[in-house]
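Shown next, in structure tokens, is the structure this report addresses.
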Amino acid sequence: MAFTPPPPLPGAPPVRINLLSDTQTRPTPAMREAMARAEVGDEQTGDDPTTNLLQERVAELLGKQAAVFLPSGTMCNVTATLATCRPGDEIVAHRTAHILSREGGAHAALGGLQITPLDGDDGQFSIEAFRAALHPTTRYEPHQAMVSVEQTANIGGGTIWPQATLDAIAETAKAAGLVTHIDGARLMNAVVATGIDAATMTAGWDSAWIDFSKGLGAPVGAVLAGSRDFIDAVWRWKQRLGGSMRQSGMIAAACIHALDHHIDRLADDHAHARALAAGLMQIDGVEVQEPQTNLVFFRTEGAGVTGAQMVTELRGRGVWLATMDGRVRACTHLDVSAEMIDETLQHVREILRAA
Ligand SMILES: Cc1ncc(COP(=O)(O)O)c(C=O)c1O
């Protein structure tokens, strides 16, 4: 499940069109001003007013009792599993889940946890696959402690789990005694694309988080929400892992700015993704997965150029994308305009023509 940017190209022009990831966004001037004006205190002792406000805002947004500010989405996932599960426990997730392939084995290394990968199209498993994976705790079988899903499913193509599936999995999990967790690295993309509010979307789920350093455009930070007891347990792990901060209001202010100004505009990113996909679909031999949010996956082998060759050629023209398992991934975000999409399409056409 390798996410591979092109290798460094000596002499390549600077990146002008950055479709590598929505983590590439730069804080806007207005966001930087909000950061400079932030009221601050000591976050570790609960005395940073801006961080406290951010936590309250996200707890309300996600319809949970409490929330905690963490440095990254990875730390949201790791502290959530460590706070919930015991060594030897089992977590059920999709085979392509970030917790399984992109977090350095943290859940096994730090928590002694095992993750059972489920299959299914587009980064999602069905309710039937989930039911089939459930088993009792016996002398032989591990205790199934948690089910985790990604909304949206990154490697699945930025796909949105249907609300009915989310609700059914949550209900089935609860009945079987599992805790439910949503990796919401791009949850707000799903919210904007579906029009379902975040609290409704995550209602059946014990914990959920949103990332601010992706499409929301902040430089750093994610907020994990759940019950008060859960957040207390997460705090302990945050402290243990060195995730407690000091005057974090400086960065929390960027996140509050993002909540106020960068959510509705995610619709622009989705429109840009659709425009890119529509242009690619018109090129002979290019296979495109219909985008649901801000990620566009496509294949160019059918047009005579491998994914790796395509991203290397594009990088040579100042356009930055990545490959994932042979597919090319383009990610739209705050710093990508409609003109950049047109120019990218132009470059792809020229590269394929030359091949
Ligand atoms: C689905 C998913 N979960 C978790 C993360 C981790 O977030 P962070 O990079 O903030 O640690 C990512 C990052 O790309 C992601 O795509």
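Counting starts at 1 for both ligands and their atoms, in listed order.
At least one N or O atom of Gly73 sits closer than 3.5 Å to an N or O atom of ligand 1. Considering backbone and side-chain atoms together, Asp211 places an N or O closer than 3.5 Å to an N or O of ligand 1. At least one N/O-N/O distance between Asp183 and ligand 1 falls below 3.5 Å. For the pair Asn154 and ligand 1, the shortest N or O to N or O distance falls below 3.5 Å.
Only the side chain of Arg186 comes within contact range of ligand 1, with a heavy atom under 4.0 Å; no backbone atom does. Under 4.0 angstrom from ligand 1, the non-hydrogen atoms of Trp209 all belong to its side chain. At a heavy-atom cutoff of 4.0 Å, ligand 1 is contacted by the side chain of Lys214 but not by its backbone.
Applying the 4.0 Å criterion to heavy atoms of Ala185 picks out, from ligand 1, the atoms 1 (C), 2 (C), 3 (N), 15 (C). Proximity to Glu150 (heavy-atom distance under 4.0 Å) selects the following atoms of ligand 1: 1 (C). Contact atoms of ligand 1 toward Ser72: 10 (O), 11 (O) (distance under 4.0 Å to a heavy atom of the residue).
The main-chain N or O of Asp122 is found under 3.5 Å from a side-chain atom of Thr159 such that the two form a donor-acceptor pair. At least one donor-acceptor pair under 3.5 Å links the side chain of Gln309 to the backbone N or O of Thr306. Although no hydrogens or angles enter the test, the distance criterion places no donor-acceptor pair under 3.5 Å between the side chain of Asn77 and the main chain of Ile99.
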(request) List the steps and the verdict of ring pair (Phe, Tyr, Trp, His ring centres under 6.0 Å) for Trp161 and Phe125. (result) CA-CA 9 Å; Trp161 287 75; Phe125 49 83; 5.0 Å; yes

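Pairing each heavy atom of Phe69 with each of Val220, the nearest pair is CZ-O, 4.5 Å. Asp48 approaches Val40 most closely through the heavy-atom pair OD2-CA, 3.3 Å.
Here the protein heavy atom with the shortest distance to atom 15 (C) of ligand 1 is His98 CD2, 3.3 Å. Scanning the protein heavy atoms around atom 11 (O) of ligand 1, the nearest turns out to be Thr74 OG1, 2.7 Å.
With a 4.5 Å cut-off on side-chain heavy atoms, Thr137 and Gln144 do not count as touching.
Asp22 and Asn294 are linked by a side-chain donor-acceptor pair at a separation below 3.5 angstrom, with hydrogens and angles left out of the test.
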